[in-house]
K.L.:
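I am attaching a structure below and will ask some questions about it afterwards.
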Amino acid sequence: MSTVRRSAVVLVALAAVTLTACGPGEDGTAGGPEASSAPPSAPSSAPSSVPSSVPSSVPSSVPSSVRPSTSGKPTDAPTKTPAPSKPASPSVDPDYDVFPCSTFDVTFTATLAEPTTSSYLLKITNKGSKPCRALGHPVVTFGDLDGQAVERGPAPGIEDAIRLAPGQSAYAGLMGGLKDGKGTTVHSIAMTMSTDSDLEQKPLKVSTPGLYVSPDKNSVTAWMTNAEDALSL
């Protein structure tokens, strides 16, 4: 009888243990094998083997123009070297090919300006198609007499000489001599241009009625741009 009772007590204890193991867990879910089969939760962080950040620099061997920007913005395009500028062409004098006027380039006239002194206004006009320069004083001779008129007043240099465009004129004043009985009256003069060269010219002759020529008394001005200045010296 005691053996049967002892066996019953053992069975009751086993049943109690079994119920305790199959009962709800601490979180209210059923225990046992089914609860342990739930899928594991996702990891809270990336594996420690993955680098935490992108390198802040690139190897020094990479040109700076192609290195990636650490700010995430594209870098500027490589700077282009500007092409060398062309050298400035030297300035050219627009009148470098304007030569002195000769008697082949001009027409010539003489007009009586003052009868009491036998003064004449000399005038030349460029008859060509290109400009020329009227240099210095005209070279004036008197009929068949030897000698020429004395130069009166200064004349500009070659660079400042009067530039005559086609059709333009220049003037000079020819002063006659006083009738002191020592001179001669002539009725024509001849003129050649100062060219600052050995160019042989054909003298241009004009009529000058009653021109009195005194030794070393007749003088002529340099070429000027207007008649009044030519006659005022």
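Heavy-atom basis, side chains included; hydrogens, waters and symmetry copies ignored.
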K.L.:
At what distance, to the nearest 0.5 angstrom, does OG1 of T185 lie from CG of L211?
P.N.:
8.0 Å

K.L.:
Within the side chain of D160, is there an N or O that forms a donor-acceptor pair under 3.5 Å with the backbone of G157?
P.N.:
no

K.L.:
Looking at side-chain heavy atoms only, is the closest gap between K130 and F99 below 4.5 Å?
P.N.:
no

K.L.:
Quick one, L122 and I189 - any side-chain contact, counting heavy atoms below 4.5 Å?
P.N.:
yes

K.L.:
Closer than 3.5 angstrom, by distance alone: can the side chain of Y212 be matched with the main-chain N or O of G181 as a donor-acceptor pair?
P.N.:
yes

K.L.:
So how far is it from M175 CE to L231 CG, rounded to the nearest 0.5 Å?
P.N.:
8.5 Å

K.L.:
Between F142 and Q148, what is the shortest heavy-atom contact and its length?
P.N.:
CE1-C, 4.0 Å

K.L.:
If you round to the nearest 0.5 Å, how far is OG1 of T103 from CZ of F108?
P.N.:
11.0 Å

K.L.:
How long is the gap from OG1 on T192 to CG on L199, to the nearest 0.5 Å?
P.N.:
10.0 Å

K.L.:
Would you give the length of the straight line joining atom OG1 of T184 to atom CG of D144, rounded to the nearest 0.5 angstrom?
P.N.:
11.0 Å

K.L.:
Using 0.5 Å steps for rounding, measure from the CZ atom of F104 to the NZ atom of K127.
P.N.:
9.0 Å

K.L.:
Would you indicate whether the side-chain heavy atoms of I124 and M191 approach each other to under 4.5 Å?
P.N.:
yes

K.L.:
Given K123 and S169, is the side-chain contact (heavy atoms from CB on, under 4.5 Å) satisfied, shown in steps?
P.N.:
CA-CA 7 Å; K123 177 183 176 182; S169 300; 3.4 Å; yes

K.L.:
Ignoring hydrogens and angles, tell me if any N or O in the side chain of H137 forms a donor-acceptor pair with the backbone of S194 under 3.5 Å.
P.N.:
no

K.L.:
Check whether S118 reaches the backbone of G210 with its side chain - one donor and one acceptor, N or O, closer than 3.5 Å.
P.N.:
yes

K.L.:
Verify, without hydrogens or angle tests, whether D229 (side chain) and M224 (backbone) share a donor-acceptor contact under 3.5 angstrom.
P.N.:
no

K.L.:
Of all heavy-atom pairs between N126 and P166, which one has the smallest distance, and what is that distance?
P.N.:
ND2-N, 3.6 Å

K.L.:
Report yes if some heavy atom in the side chain of L164 is under 4.5 Å from a heavy atom in the side chain of C101; otherwise report no.
P.N.:
yes

K.L.:
Would you indicate whether N226, at its atom CG, is surrounded by more than 12 heavy atoms from other residues, nucleotides or ligands within a distance under 6.0 Å?
P.N.:
yes

K.L.:
Looking only at atom types and distance, does a side-chain atom of T195 sit under 3.5 Å from a main-chain N or O of S102, one as donor and one as acceptor?
P.N.:
no

